[in-house]
Amino acid sequence: MEKVREEAKPNPAATAGLLSNIFFWWLNPLFRTGYKRRLEEADMYEVLAEDRSERLGQDLKRYWDVEVQKATKEMRPPRLGRVIIRCYWKPYAVLGFFTLVEEVIKVVQPVILGKMIEYFENYDPNDKTALHETIGYAVGLSVCVIGLAVLHHLYFYHVQRTGMKIRVAMCHMIYEKALLLSSSSLGKTTTGQIVNLLSNDVNRFDDVTIFLHFLWVGPLQAATVVGLLWLEIGPSCLAGMVVLMFLMPVQTMFGRLFSKFRSKMAVLTDSRIRTMNEVVSGIRIIKMYAWEKPFAALVSDVRRKEISKIMKSSYLRGLNMASFFCASKIIVFITFTLYVLLGNTISASRVFVTVSLYSAVRLTVTLFFPNAIEKLFESRVSIRRIQEFLLLEEMTKIGSTLTRDDKSDISVEIQDLLCYWDKPERSVLFTFQSLSVSVRAPRLTHVLPLWARIHPQSSLLSSILGELPHEKGALKVRGQLTYAAQQPWVFPGTIRSNILFGKELEPQKYERVIRACALKRDLELLPDGDLTAIGDRGATLSGGQKARVNLARAVYQDADIYLLDDPLSAVDAEVGRHLFEQCICGLLKNKPRILVTHQLQYLKAANQIVVLKEGHMVAKGTYTELRQSGLDFTSLLEEEEQQQQQQLPPADISTRSRTMSQNSTVSKASSAQSVEDGDHLPAEPTQTAAEESRAEGNIGFGLYVTYLRAGANAAVLLVVAYIMQDWWLAHWADEQEKLNDADVANVTRSGRNLTRELDRDFYLGVYGGLTAATVIFGFVRNMVLFNVLVKCAQALHDRMFDAILRTPVRFFDINPIGRVLNRFSKDIGQLDSNLPWTFVDFIQLFLQVVGVIAVSASVIPWILIPVVPLLLFFLYLRRYFLQTSRDVKRLESTTRSPVFSHLSSSLQGLWTIRAFGAEERFQKAFDAHQDLHSEAWFLFLTTSRWFAVRLDGICSIFVTITTFGCLLLRDQLDAGSVGLALTYSVTLMGMFQWGVRQSAEVENMMTSVERVAEYTELESEAPWETDKRPPPDWPRKGLVTFDGVNFSYSVDGPVVLRDLKATFRPKEKVGVVGRTGAGKSSLVSALFRLAEPRGKIYIDGILTSEIGLHDLRRSVSIIPQDPVLFAGSMRKNLDPFSQHTDEELWNALQEVQLKTAVEELPGKLETVLAESGSNFSVGQRQLVCLARAILRRNRILVIDEATANVDPRTDELIQRTIRDKFRDCTVLTIAHRLNTIIDSDRILVLDAGRIDGYDEPYALLRDPGGLFYKMVQQTGKQEAAALLQTAKEVSVIGERSKNVFQTSPSAVDFFYYYFVLNNVCQTAALRQSVCMCTSP
């Protein structure tokens, strides 16, 4: 596997000094770089040793293993929560001390403030002692403010890093578990769920660590403040505390509700991501079937439910936040109303000390404490979900038997094996009764499966690999295994890394393997040879190329025993023969091999043949022994299958969608003689797939408009703006109150009763009214804002999904699945929950800060003198910071995608990874991807702190200036004004930096909006419907004409079909053949307009490029090479638009002999299939695709190598059904197996995108210079003779039938003639073709 990245720069944080670590000076060089140019991955620092994924994961895993053992002893379920606490409590507890000191300072501040205001209340210009004392208090206040700035950010940095460590360790464990899941566990989970665990659930740990300490600091601080308030204003303080205490349980209740919504939401998100995973994996099929609309409905249905839960939890959040901002107003109002009503006099120092103490405790009690509860409940849900996943059953390795000491004793021994795929239900049973197979070196054992759609041979290999646990019997494996899966698996990387699969490159051996696997010629034609990067799911390779890369990987491993699961089915006859002779019987001749194959021509070479039927061994022995025993393979293959049909588990973990070769510019010839030995290989530079795009520069104002307009019209935005006036009211109330208090304080000296009589009712009335208005406006504004922002997220998701469905297939070939899923999981997750909260928080803070500055300036205009330069400096600092921070955030998003891609790709190739024993290497690659993401995340954390420390520095300077300014202007100021100025500047301190940080955070989160918006503007394919609609019964005849068609997959891509001119007549059966990469599948892509062809294609005289894609694609049926089933009911898989009756569905299943299998399912047609339909075999899935085609009743049917992966019996069933059901249709069959198309009316031979020949089979075979003749000769003498004989007979019959029907087309003649033909024809297949030829 490629290295994830080159050596990173050493991390300066590791060697930074104390001051540099406190003020984050070590980041200065990065900011300078970021200000000059865009930051790249190379600019990031190496992850610190203690933050490495492997180290963190293994530490947590040790604690988890201990807990599992302990729980087993104590007969209780293991608890993941306990494990996390045990692993991280020590360093985290130390951080609690920081919190405590910080909160103590917050409580001390108001007391010092009170002492300063007292000096102004009892101001005496001649009292120097009091002045000196007050200067001491001023210094104390400044020290407190500066101390807070430093402590707060050190604390935040360390708790966030702890959160990061827990998240990374969890991801490591989740991935490690995914690699160990048994087959039954894989049925209980889905790729979507695991992606969701990795993208959303683990993120809760980042949040919860920040607030957790406030669970104990909050109540402690509240108690201290009550004590101080009692000293200050007596029992009245209890009224305010009652409100606070009432808020705490209310918010705890909110927390519980929150966690309830969160669990429901998580299930819906899983389901949405799973569907998205299926849509992206099967997009080619969805487009060919024109099924975009039912899938859009499916996703929007899940999304609607998800949004309703998100909306509810957002309203809860809105209430929570509004209660926080309104709490202080209500508390102060109630406290002072009670205080005044009890007959006390208000004085400035009392008012301000009380207000300051309340605001000190308010933040902790009404914001941090409820947040801690909310996050705690959320993380409990996530921990429970992760714990359930970690407790799934694991696969048991056949460990001890895999010794490599005694090479002479390599063997596989099987005795009376009994296996179940689904143990609890015992539904799918495989009995290898009396199956005793012994494989020793060097032998080639053929496992020959007979007609059985439960594919016992795959199960046999599965049990040898240990994927299928056996109930009874003995299975001994001595030696190291390697495996080539039936459905080829390639991972994103270069072709070379796919073949080497972690082994060292030995040039000569590598060269031999490439030759033996017929890859030499292909590699010469690829732009970068074997260093060509292949996309997700091998997007840039054809099916045959993937199969050969898959085989080359197994051969290069130099193992003891080779398990080859039908590697020859995906390649044409010539390449198949080459692979068999040069590779299986050439390079591997001295190794024991178990080859599963449906191809009888290779049986003679086997040392031992095992014939399996329905899980039983029918025969065993050499070819000669089986012949002498009177066992006739051909008759065996033709026997009617009487057994009941049963279901099958996956042949590999998930179906890969087939992507047609974009490198099929030149036909690949056999590579046997292509290159001399000793050809020398170039050195290997690192190579990556197409890089994920990353925006540059500022987040434009336009993006905010796009975001907000997605969910709200202009009127609503104006309403929000209007509601924002509440800060005006709030500060009017404050000012009224404070100025009033100041008046009260002044009048107190002359005649205090007078003031109270005059003012009390009026002031209390106004004050009460204003408080009520603030509260109401606060709540309404939050609700409206949250509603708008969640609607924005919904609209953007819908637009992005719509754009994804309408974009051409090419997009999915060059973009890994992880990249698309990242946008739908992580970025949409940000838009759903984090962005609205941060946005609303920022708006509230912004209004408050403006209010604070306005009020302070109205009292002491001098304050504006330091404010203006500080403000300018702050604006510059914010711009300077965002320049780097935005890039860091974008890097963080792009380095996250490979983590998901790697997971998704590993799950697809799970059996291969395990068979090769490559789990550790894949785990290391996953850790490397995680470390790369941690580098970006670490920079994101530290850059935020760098900025916040500097902001708080500016604020503490502002507080110091204000404090000493008040002392300088002591002659002109009264106590009320000083109190107001100082209280507000101290409040501003925390609020201002938090507000600016939130503004930067909003801008950083807008990168998610930017990434989603980018996908809403993807290039779109032609419209689904146009004004020009074909007639409802089009096409009536099925006449297809290609007129000068050129085709390439992208505008700048190579042309894969050149000047194609061909006509397919109505009801004609045409075979399409050519070597691997000749352009056979591209013909289908051109017909379905998967990319727009140049030239003209007509169907029944209508030009296809002029009509809508859906009209075109619905009128042509296809049976694809890789049969794709989707999670959902069997009914939805057959008929997503609900256009057919139950009777029609059952009849279609009856036609393809699946009726019994479906009737045995628990819910019959309503049974929900597993992800990718993996509880059906490849053959059964292919038959479901055939049933779809029967239901559609179209006049044109395309069969794209549909029988490449099925056994001859299923192949024959499919061919027979096609001849019977589609006798009035035009059928185009693309095939590797020449026997499936030799009885076609005509055969189209393609070579390098051009037509090499197009005629009847027999006519083509009479031209020795033609490509078709050569292809037939390469199948071997016997097979070639049989093919020639069949072609000749078909030709004779065709001629005679034409003559008979021209002279006397009566029914009697027809039946007489058919009877004669029956005697002429040798095979069942031929009889069917005659029926077809002679259909009147």
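- The CZ atom of Arg945 sits 5.0 Å away from atom CD of Gln160, with the distance rounded to the nearest 0.5 Å.
- Looking at heavy atoms from C-beta onward, Val217 lies out of side-chain contact with Glu102 at the 4.5 angstrom threshold.
- Of the N and O atoms on the side chains of Asp952 and His152, not one donor lies less than 3.5 Å from an acceptor on the other residue.
- Nearest heavy-atom pair, Trp26 versus Ser20, reported as atom, atom and distance to 0.1 Å: N-OG, 3.3 Å.
- The side chain to side chain donor-acceptor pair (under 3.5 Å) check on Arg950 picks up nothing, with sequence neighbours excluded.
- In this structure, Phe24 has its ring center closer than 6.0 angstrom to the ring center of Tyr157.
- No side-chain donor-acceptor contact under 3.5 Å links Ser885 to the backbone of Phe881.
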Point to revise | side chain to side chain contact (heavy atoms under 4.5 Å, CB included) between Leu941 and Phe156, intermediate numbers included | key: CA-CA 9 Å; Leu941 291 188; Phe156 250 73; over 6 Å; no
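- Rounding to the nearest 0.5 angstrom, the gap separating the NE2 atom in His153 from the NE2 atom in His158 is 13.0 Å.
- Note that the CG atom of Leu95 and the CG atom of Leu154 stand 10.0 Å from one another [nearest 0.5 Å].
- Counting only heavy atoms from C-beta outward, the side chains of Trp216 and Leu100 approach each other to under 4.5 Å.
- Heavy-atom minimum distance, Ala138 versus Thr963: CB-CG2, 3.5 Å.
- Using a distance-only test at 3.5 Å, with no hydrogens or angles considered, a donor-acceptor pair links the side chain of Thr942 to the main chain of Leu939.
- Considering only heavy atoms from C-beta on, Asn28 comes within 4.5 Å of Trp946 through its side chain.
- Rounding to the nearest 0.5 angstrom, the gap separating the OG1 atom in Thr99 from the CD atom in Gln221 is 11.0 Å.
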Review point. Going through the distances and angles, do Leu131 and Asp127 end up as a side chain to side chain contact (heavy atoms under 4.5 Å, CB included)?
Key: CA-CA 7 Å; Leu131 177 63; Asp127 190 348; over 6 Å; no
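- Remark: the backbone N or O of Val208 is not paired with any side-chain donor or acceptor of Ser379 at under 3.5 angstrom.
- Across every non-hydrogen atom of Ile112 and Gly140, the tightest pair is CD1-C, 4.2 Å.
- With sequence neighbours left out, Thr335 forms a side chain to side chain donor-acceptor pair (under 3.5 Å) with Tyr358.
- Here the OG1 atom belonging to Thr162 is positioned 13.0 Å from the CZ atom belonging to Phe205, to the nearest 0.5 angstrom.
- The closest side-chain heavy-atom distance from Leu967 to Phe964 is below 4.5 Å.
- Between Thr224 and Glu103, every side-chain heavy-atom pair lies at or beyond the 4.5 Å cut-off.
- In this structure the side chain of Thr209 never reaches within 4.5 angstrom of the side chain of Lys375, judged on heavy atoms.
- For the pair Leu229 and Leu238, the minimum side-chain heavy-atom distance is 4.5 Å or more.
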**Study point:** Derivation and outcome, side chain to side chain contact (heavy atoms under 4.5 Å, CB included), residues Leu151 and Val101
**Key:** CA-CA 8 Å; Leu151 270 179; Val101 174; 3.4 Å; yes
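- For the pair Val159 and Phe211, the minimum side-chain heavy-atom distance is 4.5 Å or more.
- Taking the ring centroids of Phe98 and Tyr155, they lie at or beyond the 6.0 Å cut-off.
- When ring centroids are compared, His213 and Tyr92 come within the 6.0 Å threshold.
- Annotation: the span from Leu27 atom CG to Trp25 atom CH2 amounts to 13.0 Å, rounded to 0.5 Å.
- The two residues Val959 and Val145 have their closest heavy-atom pair at CG1-CG2, 3.8 Å.
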